[in-house]
Amino acid sequence: QVQLVESGGGLVQAGGSLRLSCAASRNIFSINAMGWYRQAPGKERELVATISSGGSRDYADSLKGRFTISRDNAKNTVYLQMNSLKPEDTAVYYCNAAVRGRLGGGVSDYWGQGTQVTVSS
(Lines give C-alpha, C1' and ligand atoms only; values in the text may rest on other atoms or scores of the structure.)
Protein backbone atom coordinates (compact mmCIF):
# COMPACT_ATOMS: atom_id res chain seq x y z
CA GLN A 1 0.00 0.00 0.00
CA VAL A 2 1.33 3.41 -0.96
CA GLN A 3 1.86 5.76 1.94
CA LEU A 4 1.80 9.56 1.75
CA VAL A 5 3.21 11.39 4.76
CA GLU A 6 2.67 15.12 5.07
CA SER A 7 4.53 17.57 7.24
CA GLY A 8 5.00 21.30 7.69
CA GLY A 9 1.61 22.47 8.86
CA GLY A 10 1.11 24.61 11.91
CA LEU A 11 0.04 27.97 13.26
CA VAL A 12 1.23 31.15 11.56
CA GLN A 13 0.23 34.80 11.66
CA ALA A 14 -1.40 36.46 8.70
CA GLY A 15 1.23 37.50 6.18
CA GLY A 16 3.53 34.67 7.16
CA SER A 17 4.73 31.64 5.23
CA LEU A 18 4.69 27.89 5.54
CA ARG A 19 6.11 25.07 3.46
CA LEU A 20 4.30 21.76 3.30
CA SER A 21 5.96 18.53 2.27
CA CYS A 22 4.50 15.20 1.26
CA ALA A 23 6.64 12.12 0.74
CA ALA A 24 5.32 9.03 -0.99
CA SER A 25 6.69 5.61 -0.17
CA ARG A 26 6.05 1.86 -0.54
CA ASN A 27 5.10 -0.04 -3.66
CA ILE A 28 5.85 2.76 -6.13
CA PHE A 29 6.90 2.16 -9.70
CA SER A 30 6.16 5.70 -10.87
CA ILE A 31 4.09 8.72 -9.88
CA ASN A 32 2.07 10.75 -12.34
CA ALA A 33 0.42 13.90 -11.03
CA MET A 34 0.83 15.03 -7.44
CA GLY A 35 -1.17 17.74 -5.78
CA TRP A 36 -2.50 19.54 -2.78
CA TYR A 37 -6.11 20.02 -1.77
CA ARG A 38 -7.60 21.67 1.28
CA GLN A 39 -10.75 21.48 3.32
CA ALA A 40 -11.92 24.22 5.64
CA PRO A 41 -14.49 23.58 8.38
CA GLY A 42 -17.97 23.26 6.92
CA LYS A 43 -16.70 23.40 3.35
CA GLU A 44 -15.97 20.89 0.62
CA ARG A 45 -12.46 19.81 -0.26
CA GLU A 46 -11.02 22.05 -2.96
CA LEU A 47 -8.06 22.00 -5.30
CA VAL A 48 -5.04 24.04 -4.30
CA ALA A 49 -2.47 23.01 -6.91
CA THR A 50 -1.26 20.08 -8.98
CA ILE A 51 1.99 19.26 -10.72
CA SER A 52 2.62 16.65 -13.39
CA SER A 53 5.61 14.32 -13.51
CA GLY A 54 7.08 16.65 -16.12
CA GLY A 55 6.62 19.72 -13.95
CA SER A 56 3.51 21.31 -15.45
CA ARG A 57 1.65 23.23 -12.74
CA ASP A 58 -1.97 24.12 -12.24
CA TYR A 59 -3.34 26.35 -9.48
CA ALA A 60 -6.67 27.42 -8.11
CA ASP A 61 -7.19 30.87 -9.59
CA SER A 62 -7.57 32.50 -6.18
CA LEU A 63 -4.17 31.23 -5.03
CA LYS A 64 -2.00 32.11 -8.00
CA GLY A 65 0.91 34.29 -7.00
CA ARG A 66 0.90 33.29 -3.34
CA PHE A 67 1.31 29.50 -3.46
CA THR A 68 3.95 27.54 -5.36
CA ILE A 69 3.93 23.79 -5.92
CA SER A 70 7.09 21.85 -6.72
CA ARG A 71 8.29 18.26 -6.62
CA ASP A 72 11.43 16.19 -6.33
CA ASN A 73 10.90 13.07 -8.41
CA ALA A 74 13.99 11.38 -7.01
CA LYS A 75 12.50 11.65 -3.53
CA ASN A 76 8.86 11.05 -4.55
CA THR A 77 8.08 14.26 -2.70
CA VAL A 78 5.81 17.20 -3.46
CA TYR A 79 6.05 20.60 -1.76
CA LEU A 80 3.73 23.54 -1.32
CA GLN A 81 5.26 26.91 -0.51
CA MET A 82 2.60 29.20 0.90
CA ASN A 83 3.34 32.91 1.22
CA SER A 84 1.32 35.92 2.34
CA LEU A 85 -1.02 33.63 4.21
CA LYS A 86 -4.50 34.83 5.09
CA PRO A 87 -6.94 33.65 7.77
CA GLU A 88 -9.13 32.23 4.99
CA ASP A 89 -6.29 29.85 4.11
CA THR A 90 -6.97 28.04 7.37
CA ALA A 91 -7.81 24.43 6.51
CA VAL A 92 -6.60 20.87 6.58
CA TYR A 93 -4.28 20.40 3.62
CA TYR A 94 -4.21 17.01 1.91
CA CYS A 95 -1.59 15.59 -0.39
CA ASN A 96 -2.68 13.52 -3.40
CA ALA A 97 -0.67 11.32 -5.75
CA ALA A 98 -1.53 9.22 -8.80
CA VAL A 99 0.70 6.18 -8.41
CA ARG A 100 1.57 3.26 -10.64
CA GLY A 101 2.54 0.41 -8.36
CA ARG A 102 4.33 -1.78 -10.92
CA LEU A 103 5.47 -1.81 -14.52
CA GLY A 104 2.40 -2.16 -16.71
CA GLY A 105 0.05 -1.76 -13.80
CA GLY A 106 -2.77 0.71 -13.47
CA VAL A 107 -2.66 4.10 -11.79
CA SER A 108 -4.43 4.61 -8.47
CA ASP A 109 -5.12 7.72 -6.42
CA TYR A 110 -3.77 8.00 -2.89
CA TRP A 111 -4.28 10.59 -0.16
CA GLY A 112 -2.28 11.69 2.82
CA GLN A 113 -3.75 11.98 6.29
CA GLY A 114 -3.88 15.76 6.14
CA THR A 115 -1.98 18.49 7.94
CA GLN A 116 -3.60 21.42 9.71
CA VAL A 117 -2.73 24.95 8.67
CA THR A 118 -4.07 27.71 10.88
CA VAL A 119 -3.57 31.37 10.03
CA SER A 120 -4.31 33.84 12.79
CA SER A 121 -5.35 37.42 12.13
Side-chain angles (χ1 to χ4, degrees):
Q1 182 75 3
V2 173
Q3 185 176 35
L4 301 181
V5 178
E6 298 139 336
S7 60
L11 174 64
V12 64
Q13 288 188 333
S17 298
L18 282 174
R19 189 191 194 210
L20 305 182
S21 299
C22 172
S25 61
R26 300 183 184 176
N27 303 316
I28 298 171
F29 175 76
S30 63
I31 303 177
N32 293 353
M34 302 185 80
W36 290 94
Y37 294 73
R38 68 183 184 183
Q39 188 166 18
K43 296 187 177 181
E44 293 186 352
R45 190 173 297 188
E46 63 177 0
L47 169 72
V48 174
T50 61
I51 183 168
S52 71
S53 57
S56 296
R57 296 170 173 85
D58 188 28
Y59 295 94
D61 287 342
S62 62
L63 301 177
K64 288 179 180 177
R66 294 195 298 122
F67 288 16
T68 302
I69 190 170
S70 61
R71 66 189 281 175
D72 184 333
N73 290 332
K75 296 181 179 179
N76 292 330
T77 299
V78 62
Y79 306 96
L80 184 68
Q81 179 66 42
M82 305 185 292
N83 298 328
S84 303
L85 283 161
K86 305 175 181 180
E88 52 263 43
D89 294 318
T90 295
V92 177
Y93 284 70
Y94 295 92
C95 170
N96 172 264
V99 178
R100 190 183 306 278
R102 60 180 177 83
L103 178 63
V107 175
S108 298
D109 249 9
Y110 294 92
W111 293 88
Q113 80 284 357
T115 185
Q116 177 70 47
V117 171
T118 302
V119 184
S120 63
S121 57

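In this chain, residues are counted from 1 in sequence order. Bear in mind that the values here come from a model prediction, so they are computed numbers and not experimental data.
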Same cluster or not: [X] versus [Y], using hydrophobic residues (I, L, V, M, F, W, Y) connected whenever any side-chain heavy atoms lie under 4.5 Å apart?
| X | Y | answer |
| --- | --- | --- |
| Ile51 | Val2 | yes |
| Tyr94 | Leu63 | no |
| Trp36 | Tyr59 | yes |
| Leu47 | Val92 | yes |

Item to check | More than 12 heavy atoms of other groups within 6.0 Å of Arg26 CZ | outcome: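 Not buried by this count: 12 neighbours or fewer within 6.0 Å.
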
Next on the checklist: Other residues, nucleotides and ligands only: do more than 12 of their heavy atoms fall within 6.0 Å of NZ on Lys64?
Outcome noted: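 Yes, NZ of Lys64 has more than 12 neighbouring heavy atoms, counting only those of other groups under 6.0 Å.
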
Checklist entry - Roughly how far, to the nearest 0.5 Å, is the CZ atom of Arg45 from the CG atom of Asn96? => result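 Separation between the atoms: 9.0 Å.
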
Checklist entry - Rounded to the nearest 0.5 Å, what separation is found between the CG atom of Asn27 and the OG atom of Ser108? => result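 Answer rounded to 0.5 Å: 11.0 Å.
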
Checklist entry - Hey, mind stepping through Thr118 and Val12 against side-chain contact (heavy atoms from CB on, under 4.5 Å) and telling me if it holds? => result CA-CA 6 Å; Thr118 302; Val12 64; over 6 Å; no

Checklist entry - With no hydrogens and no angle check, do the side chains of Glu88 and Thr90 hold a donor and an acceptor under 3.5 Å apart? => result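 Not at all, the side chains of Glu88 and Thr90 share no donor-acceptor pair under 3.5 Å.
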
Checklist entry - Between the side chains of Asp72 and Thr77, is a donor N or O closer than 3.5 angstrom to an acceptor N or O? => result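 No, no side-chain donor-acceptor contact under 3.5 Å.
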
With a 4.5 Å heavy-atom cut-off, do [X] and [Y] have their side chains touching?
| X | Y | value |
| --- | --- | --- |
| Thr50 | Tyr37 | yes |
| Tyr110 | Gln1 | yes |
| Ile31 | Asn76 | yes |
| Met34 | Ser52 | no |
| Arg38 | Asp89 | yes |

Item to check | Charged tip of Arg19 within 45° of Tyr79 ring normal and under 6.0 Å | outcome: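 Geometry flag: set, cation within 6.0 Å and 45°.
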
Shortest non-hydrogen contact from [X] to [Y]?
| X | Y | value |
| --- | --- | --- |
| Gly8 | Leu18 | O-CD2, 3.8 Å |
| Leu4 | Cys95 | CD1-O, 3.9 Å |
| Gln113 | Val5 | OE1-CA, 4.1 Å |
| Asn73 | Ser53 | ND2-O, 3.2 Å |
| Met82 | Val117 | CE-CG2, 3.9 Å |
| Arg66 | Ser84 | NH1-O, 3.0 Å |

Item to check | Donor-acceptor contact below 3.5 Å, side chain Gln81 vs main chain Thr68 | outcome: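 Checking the backbone N and O of Thr68 against the side chain of Gln81, no donor-acceptor pair under 3.5 Å is found.
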
Item to check | Sole residue of Thr115, Ile69, Val78 in side-chain contact (heavy atoms from CB on, under 4.5 Å) with Leu20 | outcome: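 In the set Thr115, Ile69, Val78, the residue that makes a side-chain contact (heavy atoms from CB on, under 4.5 Å) with Leu20 is Thr115.
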
Item to check | Intermediate values then yes/no, side-chain hydrogen bond (donor to acceptor under 3.5 Å, both in side chains), Asn83 and Ser17 | outcome: CA-CA 4 Å; Asn83 298 328; Ser17 298; 3.0 Å; yes

Checklist entry - Between Trp111 and Glu6, is a side-chain contact (heavy atoms from CB on, under 4.5 Å) present by the stated rule, with each step listed? => result CA-CA 10 Å; Trp111 293 88; Glu6 298 139 336; over 6 Å; no

Checklist entry - Do the rings of Tyr93 and Phe67 sit parallel, tilted or perpendicular, given the 30° and 60° boundaries? => result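 Because their plane-to-plane angle lies in the 30° to 60° range, the rings of Tyr93 and Phe67 count as tilted.
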
